[in-house]
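Worksheet: one structure, shown below.
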Amino acid sequence: MTQAAVIASVQTESFGERIGLKPGDRILAINGEAVRDLIDMQFALAEEKLSLTIERSGAIFTLSVQKQWDEDLGIELESAVFDGIKRCANRCKFCFVEQMPPGMRESLYVKDDDYRLSVLHGNFITLTNLREEDLQRIEKLHLSPLYVSVHTTNPELRQELMGNRKAGQVLQQLQRLAAAGIELHTQIVCVPDYNDREELDKTVADLVSLYPQVQSIAVVPVGLTAHRNGLAKLRTFTSQEAANLIDQVERWQEKNRQEFDCYLVYAADEFYLMAGRSIPENERYEDFPQLENGVGLVRTFLDNWEDSKEELPKKQGKSRKALWITGVSFARVLQQVAAEAEAITGAKFEVLAVPNRFFGPTVTVTGLLTGEDILAALSESQNVDVVFLPDIIFRRGEMVTLDGMTVDEIADKAGVKVEVISSNGEDLVVMIKRWLTGE
């Protein structure tokens with residue numbers, strides 16, 4: 001079938017609705033040119049006069065229209081790429097997809113490594129499958145920022161870690177992109193005994209040398225599940241190793257602060273939780289460039305909570321109890337918030353740290369909890385008025401857990417009232433207030 005932009009929905013009263021576009025329509029070309037992806041489409045739609053080649057129910061026709069230069073079509077597409085997602089060609093020792101058990105949603109096994117999704121959605125890519133024409137397109141169109149999984153700039157070590165002989169070119173690729181003015185956000189998935197300590201220092205030094213085009217460097221811990229049969233033997237960080245890595249990152253932060261007036265490199269929240277260290281203050285994260293990568297999420301949560309908690313209803317004399325579900329690593333932080341909520345409202349907030357039986361005990365983050373693990377933990381809890389489930393355990397936009405369970409299914413099987421509660425501290429206050437007051 002010919003590549004096309006497939007329309008998923010059309011906004012009411014939008015330009016697209018006015019010209020007759022409908023869900024399911026396939027946009028084959030704009031002004032006579034085929035479009036490969038949303039990037040092509042955005043450039044093509046900048047024109048005021050448009051000729052849209054549309055396929056609908058097998059019939060092909062043309063819409064010739066004129067719009068304002070800044071007017072959007074008001075459509076949502078089924079995919080941001082129309083010629084197929086560029087897949088990952090690596091066999092990383094620590095690849096999380098390779099550690100997924102069978103029987104889960106098909107989308108969870110897709111290993112994308114598409115520079116277009118990096119530009120459009122902030123997905124991390126490795127650069128190992130970039131062709132010369134891809135690099136030239138990035139340079140010509142100034143596609144920026146790119147989010148790059150570097151891991152190490154040591155060529156031999158990167159080839160070993162990623163199982164790809166092309167992986168050793170990363171520093172030269174980053175230098176070329178930086179020279180072209182491309183903004184880069186980078187991450188280092190740190191694996192004990194491989195790319196930590198001296199190797200980490202070398203990688204950070206190489207990336208810092210590309211400032212200001214390298215705008216951020218996140219160091220995140222390797223994630224290992226219990227489903228690693230036939231895979232390389234790796235281990236997680238000890239508490240002391242996590243503390244040592246934090247010290248290493250903070251030395252770089254101080255050096256960068258003196259030289260560039262910015263911190264530039266950041267340790268993921270999980271390292272601080274592993275080490276039992278306090279989460280850094282807000283200023284340490286600057287403009288939070290890698291929030292979606294777990295860098296600064298806890299700080300934003302705590303700050304939003306602190307700014308909003310006085311809006312909670314004061315003690316009402318009612319005896320009500322909420323059970324707060326969380327992963328093991330976040331429990332200590334949430335217990336602090338629960339204690340403050342109790343002191344203000346008089347209600348009881350019990351934090352239940354759910355061990356991850358599905359992926360294994362080394363996986364402690366809340367976002368990877370499954371419905372079955374939550375139900376197993378709830379079977380031991382009694383006499384609660386409501387169970388708060390964090391929104392991050394659900395797939396965005398679908399409200400389905402990793403193992404395919406809906407909110408209603410969890411509520412029915414547990415026999416309790418369930419409320420999905422935001423991971424944003426400010427929204428959290430609103431939700432607790434609504435539960436307590438019924439407003």
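Quick caveat: nothing in here was measured; it's all calculated off a predicted structure.
- Q253 is listed as a side-chain neighbour of V265, based on a closest heavy-atom distance under 4.5 Å.
- The closest side-chain heavy-atom distance from E98 to H227 is not below 4.5 Å.
- Rounding to the nearest 0.5 Å gives a distance of 5.0 Å between CG of L146 and CD1 of I125.
- Using a 4.0 Å cut-off between charged side-chain N and carboxylate O, R116 and D40 make no salt bridge.
- The salt bridge (charged side-chain N to carboxylate O under 4.0 Å, His left out) pairs that include a residue from residues 156-174 number zero, where partners must be two or more places apart or lie in different chains.
- Residue pairs satisfying the salt bridge (charged side-chain N to carboxylate O under 4.0 Å, His left out) criterion with at least one member in residues 175-184, sequence neighbours excluded, are listed as follows: E132-R176, E139-R176.
- When all heavy atoms of R299 and I279 are compared, the pair lying nearest together is NH2-O, 3.2 Å.
- Between the side chains of E426 and W305, not a single donor N or O lies within less than 3.5 Å of an accepting N or O.
- Defined by atom type and a distance below 3.5 Å, a donor-acceptor pair is missing between the side-chain atoms of Q248 and N244.
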- prompt: Going through the checks in order, is the side-chain hydrogen bond (donor to acceptor under 3.5 Å, both in side chains) test met by D403 and T401?
  reply: CA-CA 5 Å; D403 55 347; T401 61; 2.6 Å; yes
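- Taking 4.0 Å as the cut-off between side-chain N and carboxylate O, R137 and D134 do not count as a salt-bridged pair.
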query: Could you go step by step and tell me if Q187 and N293 meet the side-chain hydrogen bond (donor to acceptor under 3.5 Å, both in side chains) rule?
result: CA-CA 9 Å; Q187 75 163 350; N293 202 17; 3.1 Å; yes
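- Look at D201 and R197 and you find no salt bridge, because none of the NZ, NE, NH1 or NH2 atoms lies under 4.0 Å from a carboxylate O.
- Proximity of Y147 to T186: side-chain heavy atoms (C-beta onward) are nowhere separated by under 4.5 Å.
- Between W324 and F349, the two ring planes are tilted [angle within 30° to 60°].
- In this structure, the separation between CG on N282 and CZ on R284 is 12.5 Å, given to the nearest 0.5 Å.
- No side-chain heavy atom of V10 sits less than 4.5 Å from a side-chain heavy atom of K22.
- Two rings, from F359 and F96, have their centers less than 6.0 Å apart.
- For the pair Y194 and L234, the minimum side-chain heavy-atom distance is below 4.5 Å.
- Comment: R87 does not engage D113 in a salt bridge, judged by the lack of any side-chain N to carboxylate O separation of less than 4.0 angstrom.
- Residues D112 and K86 fail the side-chain proximity criterion, which asks for heavy atoms closer than 4.5 Å.
- Each of V351, T366, L352 was scored for a side-chain contact (heavy atoms from CB on, under 4.5 Å) with L334, with one residue passing: V351.
- Taking the centre of each ring, Y263 and W252 stay at or above the 6.0 Å mark.
- Side-chain contact between L207 and L174: present, with at least one pair of heavy atoms (C-beta onward) separated by less than 4.5 Å.
- For the side-chain contact (heavy atoms from CB on, under 4.5 Å) criterion with N195, the lone passing option out of L200, V189, L157 is L157.
- Aromatic ring centroids of F94 and H151 lie under 6.0 Å apart.
- Using a 4.0 Å cut-off between a side-chain N of Lys or Arg and a carboxylate O of Asp or Glu, E311 and K433 do not qualify as a salt bridge.
- By the 4.5 Å heavy-atom criterion applied to side chains, R251 and I246 are not counted as neighbours.
- Rounded to the nearest 0.5 Å, atoms CG (N123) and OH (Y115) are 14.0 Å apart.
- In this structure, CD1 on I138 lies 7.5 Å from CG on L127, to the nearest 0.5 angstrom.
- In this structure, E259 pairs ionically with K255, as a charged nitrogen and a carboxylate oxygen lie closer than 4.0 Å.
- Tested against I217 for a side-chain contact (heavy atoms from CB on, under 4.5 Å), the candidates N256, T203, V295, I188 yield a single pass: I188.
- Looking at E286 and Y266, their side chains do bring a donor and an acceptor atom within 3.5 Å of each other.
- Side-chain polar atoms of T126 and N90 form a donor-acceptor pair below 3.5 angstrom.
- Taken to the nearest 0.5 Å, the NZ atom of K309 stands 3.5 Å off from the CD atom of E340.
- Taken to the nearest 0.5 Å, the CG atom of L45 stands 11.0 Å off from the CD atom of E71.
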